[in-house]
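Residue numbers run from 1 in the order of the sequence given. Given the structure is predicted, the values throughout are model-derived calculations rather than measurements.
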Amino acid sequence: MPSHINRAEAIGAASAALGVLVAFLPWYAYASGNSHVTVNAFRASVFGDLFFVGVAAAILLLLIGRGFVDDVVTPYVPETTAHATAAAAAMGGVLIQLILARAGGRSFGIGIFLALVAAAGLCTAAVLRRLHPDRRRTVRERLSHEGLITP
C-alpha cells in the first residue's frame, strides 16, 4: 500500500466525497398542482443514478489503488481507463440530466451545479492520472507481470 497520496488521488477523493454529498441535495424542483416537488439524484432519472454509479466506481477504484480492496479491475482493464470511464459516466449523467431538466422547464437547485463540479473534478483527476502515472505502481506492475515479485 503506497504511503503517499498524489494530486490525482487527492482531487479524485475530494470530488468523490462531494459527489456522494450532492447526490442527496436537491437537483431541481417543479410545481405539480398545489405541491412543490424537489428532486435529488436518486429521483431525477436513470441519469442521476448513472452519476451516483460513476462516483461509486471512482471511490471503489481509489480504494483499490490504496490497497483497501482486492484488485479485481486492473487485471482486465487498465487503471487509467477505469478511472476515465467512471469520470465520464458521472459527467455524462450530470450533463444529460441538466439538459433534460432545463428542457422540462424545471428550476435548478444547488445540487446539480455541485454535481457538475464533482464530475469535473473526477474528470480532472482522470486526466492527471493519465498524464502523470504513479511511477512506483507502474514499476511494481511491470515486475509482477515478469514474475520477479508477487503482487
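Using modelled atom types, one side-chain atom of S107 and one backbone atom of A29 make a donor-acceptor pair closer than 3.5 Å. Side-chain N or O atoms of W27 include one that pairs as donor or acceptor with a backbone N or O of V22 at under 3.5 Å. Not a single donor-acceptor pair under 3.5 Å links the side chain of T81 to the backbone N or O of V77. Side chain of S15 to backbone of G12: no donor-acceptor contact under 3.5 angstrom is found. With D49 contributing its side chain and F52 its backbone, the two residues share no donor-acceptor pair below 3.5 Å.
Cluster annotation: F108 and V37 are assigned to the same hydrophobic cluster (Ile/Leu/Val/Met/Phe/Trp/Tyr, side-chain heavy-atom contacts under 4.5 Å, transitive). Placement of M91 and F113 within a single hydrophobic cluster is found when ILVMFWY residues are connected by side-chain heavy-atom separations under 4.5 Å, directly or transitively. Linking ILVMFWY side-chain heavy atoms closer than 4.5 Å, directly or via other members, places L18 and L50 in two distinct hydrophobic clusters. Under a hydrophobic clustering in which Ile, Leu, Val, Met, Phe, Trp and Tyr are joined whenever their side-chain heavy atoms come within less than 4.5 Å, directly or via other members, V53 and I96 fall into different clusters. V55 and L62 are not part of a single hydrophobic cluster, where members link through side-chain heavy atoms under 4.5 Å apart.
For the pair G19 and F51, the tightest heavy-atom approach, listed with the atom from each and the gap, is O-CE2, 3.6 Å. In plain terms, the two heavy atoms of A86 and A58 that are nearest each other are CB-N, 3.9 Å. Between L60 and V69 the shortest heavy-atom distance is CD1-CG1, 4.1 Å.
A cation-pi contact links R106 to Y30, judged by a cut-off of 6.0 Å to the six-membered ring centre and 45° from its axis.
One distance of note links CG of L122 with CD1 of I59; it measures 8.5 Å at 0.5 Å rounding. We find the CG-CD1 distance between D70 and I64 to be 8.5 Å, quoted to the nearest 0.5 Å. How far CG of N6 is from CG of L128: 8.5 Å, rounded to the nearest 0.5 Å. Taking CG of D71 as the reference point, atom CG of L63 lies at 12.0 Å (rounded to 0.5 Å).
Contact check for E9 versus R129: side-chain heavy atoms found under the 4.5 Å cut-off.
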Quiz item: T38 and R43: side chain to side chain contact (heavy atoms under 4.5 Å, CB included), yes or no, with the steps?
Solution: CA-CA 9 Å; T38 303; R43 190 164 181 263; over 6 Å; no
Exercise. Show your working on side chain to side chain contact (heavy atoms under 4.5 Å, CB included) between N40 and L25 and close with a plain yes or no.
Key: CA-CA 6 Å; N40 64 8; L25 293 177; over 6 Å; no
